[in-house]
Amino acid sequence: MVAVQIQVGDLVQASGHAGPWLVVEINKGLASLQHPDGHRLSVRTTTLSVVHKATSPAGEVKAGDGERTGTVGDGESAGDAPTLFD
């Protein structure tokens, strides 16, 4: 089985939650998600299924990996990631 890469800017489906959700941050195996209606949610990356990949890597991690491997560094914001409204 190939590990799915989850990164900031991806649209994902969170297990047990209506979606899709936008990944706005990934930190230590947890993903911060935002729904188009503005609600926010924090879930483990292992509970996510990718619906649509972001166009460029930023904070990329393997599902369940829990560590950043992308280009967003400590102290940097992922605010440049595309949103559902872009």
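Start at 1 with the first residue, then count along the sequence. Quick note: numbers below take in every heavy atom, side chains included, and nothing from hydrogens, waters or symmetry partners.
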Spatial distance of atom CG (Leu30) from atom CZ (Arg44) [nearest 0.5 Å]
5.5 Å
Side-chain donor or acceptor of Asp37 paired with backbone N/O of His39 under 3.5 Å:
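Between the backbone of His39 and the side chain of Asp37 there is a qualifying donor-acceptor contact (under 3.5 Å).
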Pair Leu48-Leu33, side-chain contact (heavy atoms from CB on, under 4.5 Å): steps then yes or no:
CA-CA 10 Å; Leu48 301 176; Leu33 310 176; 3.8 Å; yes
Do you know which two heavy atoms are closest between [X] and [Y], and how far apart they sit?
| X | Y | value |
| --- | --- | --- |
| Gln5 | Val50 | O-CG2, 4.1 Å |
| Val24 | Arg40 | CG2-NH2, 3.0 Å |
| Glu25 | Val8 | CA-CG2, 4.1 Å |
| Pro20 | His35 | O-CD2, 3.7 Å |
| Gln7 | Ala54 | NE2-CB, 3.3 Å |

Quick check: do Leu22 and Leu11 have side-chain heavy atoms less than 4.5 Å from each other?
yes
